[in-house]
Each structure stands twice: as structure tokens, then as C-alpha cells.
Amino acid sequence: MAGIGLLAWVWVAVIGFIAGCVMKGLHYALTPMHLRWDLYPVAHEPRRDHGGSYLEEKDWWTHKRRTSLVGEVSAMGEEIVLLKGVWKNNRSLWWGSMPFHWGLYLLVVTTVGLVVQGLGWSPAILSIVLPWLAGFGGGLLLVGATVLLIERSSSPKLRPYTTPLDRLNLLLLLAFGAASTAVVVTDGLAGAGAAVASVLRLKPLDVTPLLGLQMALGALFVLYMPYTRMVHFFAKYFTYHKVRWDDRPYVAGGPFSSRLEAALQYGMDWSAPHIQTGRSWAEVVTEVPEHDTKGGK
Amino acid sequence: MERPRIASQGDLLRFLAENEDVDPARLLPLPPPYEDWVDEPIKEITEDQRTRIEVGPDGVCGAQIPVPKSEEEKERLVAGFLSGLRKLLTKENNWTFLQPLLVSMENCVKCQTCAEACPIYTASGHMEMYRPTFRAEILRKIVDRYIKPGGNLFPKLRGNDIELDWETLVKLAELSYRCTLCRRCAQQCPIGIDNGLLTREIRKLFSQELGIAMPELHELGTVKQMAVGSSTGLNPAGLMDIMEFAEEDITEKTKLDIKIPFDVEGADYLVLHNAGEFLSWPENLQAFAIILEAAGIKWTLSSELVGYDSVNYGLFYDDIQFSRIALKHYEVAKKLGVKKIMMGECGHAHKATMAAADRLIPDPLRVRTESCLVTLEDLVLSGRLPLDPSRNDFPVTLHDPCNITRSMGIIQPQRNILAKIAPRFREMEPHGVDNFCCGGGSGFAVCQSLNFPDWRTRVAGRVKFIQILEAFADCIEPETHKYVCAPCSNCKGQMRDLLTYYDAWDRCGILYGGLVELIVNAMSDIPEGFLEWEFH
């Protein structure tokens, strides 16, 4: 019975995770075109080394616009792999944040590896590497979550901005890291591999209490993660690519034209005296209200 | 003595409810020759003034919000705020910034990586209310508690235990005018959260829903600009008078007979100046005229309302006012049939017209835009202007306006120009995209009311002043005249107040001005001495 319950819980978590991520992604992706709000340096700019943009070129619109994928990938890589920004500007937090993130990365890689094995492709290298990844991943997560928990509970700059729920999240991840390490130390990954295969085949799970606890904790984390700020793992796509690095110029007759046309037809209902509420953007912004034309105070 | 620290989540809210004045003794220390400088305290708002105008939690008054006359009015304002907050989160009312707002609102992990990037937070001696995340966090709590479904479920556990009242709101409104929107914090955020944007959204909500905004930006800014033609109050008749004076001045200084062109149809460039230049720094307008005429460029100014003032304070607080003015600028250019709009030396006008408005102007109104820094670079490097850099044989440093550099990536042209005309140029540190705001950003430079200028010079501009002193450390004696090149009208306004407060002309011989003045000062075919070493 417990095996069926755990199987159901894992699937609920997986489906909840996917649904949460899709909903969140759509929540951001379906917003209208916004005004330009780029912030330099922009990683795909050939002039990124000094933070420059194509606006430095005379008659830039007569030149072919060049962008650098290498620039973007290397900027993203430095952030994801090394947490460069935190290292540079918030060193004390980096010592907890780095193992915390790497612990999660390694556990995600382990899970993907187990899924690959569970689907029937099992090169020998996976069997050798995965236990190490899981063991290190769990250990790093345990260390990182512990350091962050201490930092967030004691640092005068972090504590006022840390909610009880934040602390509970860290406690959960601390427990998950500890359980992951304990599973590898006590049982290797054989049981986990079999459990993942059972999950994929919708078979009741036959796991040790420790592995059951580890999976239950992991599933809980996966389930609620998309509904928390930890969703920044993919929200960063929007903050970077869709806002601060979004330097695409407007081209008359191009894709922005129709989107602007649509946006200007939205009706607005702001209530301040200088806005004629209930009219469209196009109407409001092309007419100056009567009282405004009489001058300010 | 250690500044009292906030101990827990609950104390964040208690802190907002309490007040903490700026303490001059805690301000960031200044380098030589200001080691013994003692700052005067920020002027206190009198009891009488407090009966009429709300004051911020730091004892400073920027937004100048009238005190509500009754409890009912307070309740109405709180309800209005919440109503506006709901609108802010809809695409119909806020298509302009909905996506940037949502991603910044919902993903901050409050790691405080941004904090030390803020020149106001650091200069104040780390006053908590100036921390870049502080006001954003208050806004988040309000959204989570009052706007999102289930906001009342476990509020303490989730950190949503805020009780909204007028006193809290008015402090949030005031604190939204303690950030210059320089976006240095956003640049350093590993997740990409933009607390500057969130601050602007707070200002916008107050303005667009409740009609509450800093008067210098709204009534005396955008409203006046659309009614009279310029936020300076300069109307078309006054403009023509000023131009006559400018032409006479040019002739007197250079023996050149230049007629400043107006409303020339089909010109290569419509030059959009910040009209503040016409009144406060006419030499800037004159220098532009001399350069463009010398280069043989067909250019023009506009005499149409709004068309002769590039200012667009809507960028700082209100999308509707911003849109109205931006559209007007393009309409004027389109009507004249000019080939390009050239933005003069004004940072926020650059960003408003060239960047933020880029996705606002419909196809029929579109005109190409160019930064004057790019045009000038072309003229200087191509040899179209006869230049003798030895005429600028004095120390020069460059202030980077945030809107031109961090928000637009125009970094190198101004440096290439200075390399040609200023042999003793030296950089401030940090500079370029990493620069510090002058402290007058987001419209602060034009706010001269109550005790706000005190705060602006002592706190907001302090780091910039330190940078200036450090850039000139090797020649700080007053006998050596030095020049801070600030190619931005608002920044110059702040420089004027900053250098005046710190008595930097008399104590250190530091003058400020634009870039074109330096170019003309180096032009070998006009008499020497265009640059007048007089502080104004």
C-alpha cells in the first residue's frame, strides 16, 4: 500500500512540477510586448566588453546587426556554473549558495541518469558515475542548505528579509540532501535505480524506509518549487533575455508594429485626474486633457 | 556606534512604521581635502509644514504629498492604492511594463547582492530604508497579502503580515523618491531583478491612480511642458528672445555670425535640447550651434510646443505622460520632415526618446534618432573640425550619465572625443556602465523644494562627489582649474548643487560643464577662451 502511495506521490509531484512550470512560463510569456528597458552590458553585443551597444554606431540601421551567441552562453555559463555575480558582489553568501546550487545540479543530473537507465539504456559509465554524483550532490546540498540557513537566520542583512517559510524550505532541502547522501552511503544507487524504473512503469515501489523518505522529500520539493521564488531557475530567461538583454530595435512593418497596434487599442481605467479613464491607450496618449492645457500650478 | 539593526521579518514592518533621520555623522567619509568636513544636518520640516505635507520616514520631503483631511480620505486613498495595484498587474493598464514588473516582483530571493551597488544606501551609512530591496519588499508584501488569492492564509509564515494603512502607504510613496532609478542594483543582481523598475512602478501607481507625484515632475514638469511648451516655463516667444541673446553671445565670443535655425523643413537633423540648457547653460546651446555650423550640417530647432524641449519627465513616474510627450517629439520631427532627430546632452531624454519610446511610436510617426555623442564623435574623428587639444590643457574627468551608459550602452564615443581634445583626461572609478549616478537622477536634480536638496547633496550625490575628488587627487589644489565633463543637463544641475554645497570651486578649483563646450574650446579657428572659468 505504501508502495502505491509513494508511486502516486511521485507522479503527482512530476505532474504538478510540469504544470506549475508551464503555468508560470505562460504567465510571463503571454504578457504583451513591453517598452524597451535594456540594461548594459548586454551579453550578445559584440561591444559587450566595454558595455557598448549598436547605438554607438553612426546610422546603425544601415548596418547588419550582429549578435554573439558565444557572449550570451558564456555570460549565462558564468552565472549558472560559478555564480559569478554572487562571488563578485556578495562573497559571504557565495560559500553557502555555491554548494547549495551545485548540490541541486548534481542531484538533477543523477535523476536524469536514473531515468535514462530506467528507460532501458544503461551504459556502464552511468553505473559508475551516478552514485558519486548523487553522493556528492546530496552532501553539497546538505552543506549549502545548512550554511544558508545559518546565514539567513543570523545575518543582519538577510534575516529581516527571510520569512519562516524560507527557513522551512531550506530545512526541507537540508533534510533532502542528508537523505540523499545517506541513501548512497547505505545502499548505493541500486535501490534508487529500481525505484525510478518502477515509477516509469507505474509499478508500486518497493523501497527501504530511507529511500522512501528521500523520494517523498524530493517529490515534495519538486511539487511546490514552481510556486516559489526558486522558479528563478527558468524565470531568469525572462529577466535576462526578455528584459535586460532585449535590445531588439523596432522596425516599421516588422513584428513589433502589429503588437504595438494591438497594445494601443487596450482600454485603460486609471483614475488620476490627468487620465481620461475608460478610453483606449491610443485615445488617451494622443490627447492632452483639457485641464492640463491650462497649465500647472 | 553600530547602527541599530533589524532583527527579524516582523521588525522590517516595525521599521517602516518608525522613523530614522539621516545622521550626518554616519555619512560616508570624504577623501582629502575634506577629511575634516562636517556636514550640516538636513533641515527639519517644521511642525507647521507637517500639518500640511507628509514627510518621509527619514525626515525628508520629496513627493510633497498633502496630508489627508480626514480618516475617510485616508481610507479612500488606501482603497484607491489597492485598486491601482490591481490595475498595475493587468495588461490593459500596464502593457508597457507588465512583463518586467512581474519577473522582478516574483523572483527576488532577497540575497542582498544588490545592496552595496547603491550609492544612496552606502552613502547614508547603510540606512535600512534605502536598501534597494526595502521598498520592493514592502510592495511585494502588499501584493501577496491584498492582491493574490489566499493572501490571508498563514500571513506570518509567508511573511505577508502587513497591515496596510495610509501611514504605511505614504512612507512607501516617499521612499519611491529616494532612489534615482540608476539601475546599478539591477546590473549586479544575479537573477536580473530590477529594483529601480519596481520603484518606478510604485511611483507610477501613485501617479496614474491617485494623482500623487513629485510636483516638480508632474504639475511643474510634464503638465507644464505640454501646456506652455517646456517644463522650464519657457514659451515660444521667450525661446526666440533667448536665441537672439545666444546669437549675440556667439558673435561676441567668437566673431562668428551664426543664425540659429528654426523649423527648417527637410533638415538633416532636428536637434532636441533640454530647455534647461537655454536658461542655465546657454553656452551649451551656443557650442552646439558653432560645431554644427562649422561642420556644414543642415540642422534645425523646433519652435513648436514641446518640440523645443527634449525633457520627458514621464520616464521617471508616469507612462501616460511619458507617452504623450514622446509622441509629441516624434510628431514635431515628422511634421518638419527631418532626416533624423539628434538628442542633445540630456541623459533621460536620450533614453526616453531613443530607447523607451522605440516600441511606442507607431509606424507613420517614426523618425530615426541619433545620440549627439555619436554625431560629435564622427565630426571630431573625421577631422571636419579644426582642433587644437593644447587649448584644453587642464585636468578633465568624465561623468557618465546613467541613462546614456547603463541604459543605452553609449560608452565609447564620448571617450574617443575626449581622447582627441583633452590631453589631461582621466577616468573616474568606476566608470562607463559601472558608473555611479550623480544623485540627481530620475528628476531629483530639478527638485528644489523643502529639505530635499539637502538630502540630494549630502546623501544622493555623495558617492559621485567622492569619485570626483579621487579623480583629481593628484591636482586637488584650487590653483589648478579642473573640469568635470557631464554631458547631461540633469546631471549638470546636480553637479552645480553638489559642487556648491561642498564649496568645491573655491576649495578645489573644480568646474563642471558639457562636452560640446570642451570641443569648441579646442577649435583652433575661433578665438581662445570659449570656456569661461566662472562657477555658475
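So that the names make sense, note that chain A is the first sequence line, chain B the second, and so on, each numbered from 1.
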Closest non-hydrogen atom pair between [X] and [Y], with its separation:
X         : Y         : answer
Tyr240(A) : Cys189(B) : OH-O, 3.2 Å
Lys110(B) : Leu158(A) : O-CD2, 3.5 Å
Gln187(B) : Pro41(A)  : NE2-CD, 3.9 Å
Glu56(A)  : Val374(B) : O-CG2, 3.7 Å
Val285(A) : Arg324(B) : O-CG, 3.3 Å

For a 4.5 angstrom cut-off between non-hydrogen side-chain atoms, does [X] reach [Y]?
X         : Y         : result
Glu116(B) : Lys157(A) : no
Thr405(B) : Tyr40(A)  : no
Ile320(B) : Met268(A) : yes
Asp319(B) : Trp281(A) : yes
Val223(B) : His274(A) : no
Ser155(A) : Gln112(B) : no
Arg158(B) : Thr163(A) : no
Thr31(A)  : Phe97(B)  : no

With a 4.5 angstrom heavy-atom cut-off, which part of [X] approaches chain B: side chain, backbone, both or neither?
X         : value
Leu30(A)  : neither
Phe256(A) : side chain
Leu55(A)  : both
Arg248(A) : both

Donor-acceptor contact below 3.5 Å, side chain [X] vs main chain [Y]:
X         : Y         : result
Asn93(B)  : Asp269(A) : yes
Arg359(B) : Leu35(A)  : no
Thr239(A) : Val103(B) : no

Using salt bridge (Lys or Arg N to Asp or Glu O under 4.0 Å) as the criterion, list what pairs up with [X], not counting sequence neighbours.
X         : result
Arg366(B) : Asp358(B)
Lys91(B)  : none
Arg368(B) : none

Sort by residue number and list every member of residues 257-267 of chain A having a non-hydrogen atom under 4.5 Å from chain B.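 If one takes a 4.5 Å heavy-atom cut-off, the residues of residues 257-267 of chain A near chain B are Ser257(A), Leu260(A), Ala263(A), Leu264(A), Tyr266(A), Gly267(A).
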Looking only at heavy atoms and a cut-off of under 4.5 Å, which of Thr228(A), Thr286(A), Asp59(A), Leu83(A) has the most pairs with chain B?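 If we count pairs closer than 4.5 Å to chain B, Asp59(A) comes out on top.
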Evaluate the criterion side chain to side chain contact (heavy atoms under 4.5 Å, CB included) for residue pair Leu197(B) and Trp37(A); output intermediate values, then yes/no. CA-CA 9 Å; Leu197(B) 173 102; Trp37(A) 207 247; 3.5 Å; yes
Mark yes when over 12 heavy atoms from residues, nucleotides or ligands other than Lys88(A) sit less than 6.0 Å from its NZ; otherwise mark no.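 Atom NZ in Lys88(A) is not crowded, with 12 or fewer foreign heavy atoms closer than 6.0 Å.
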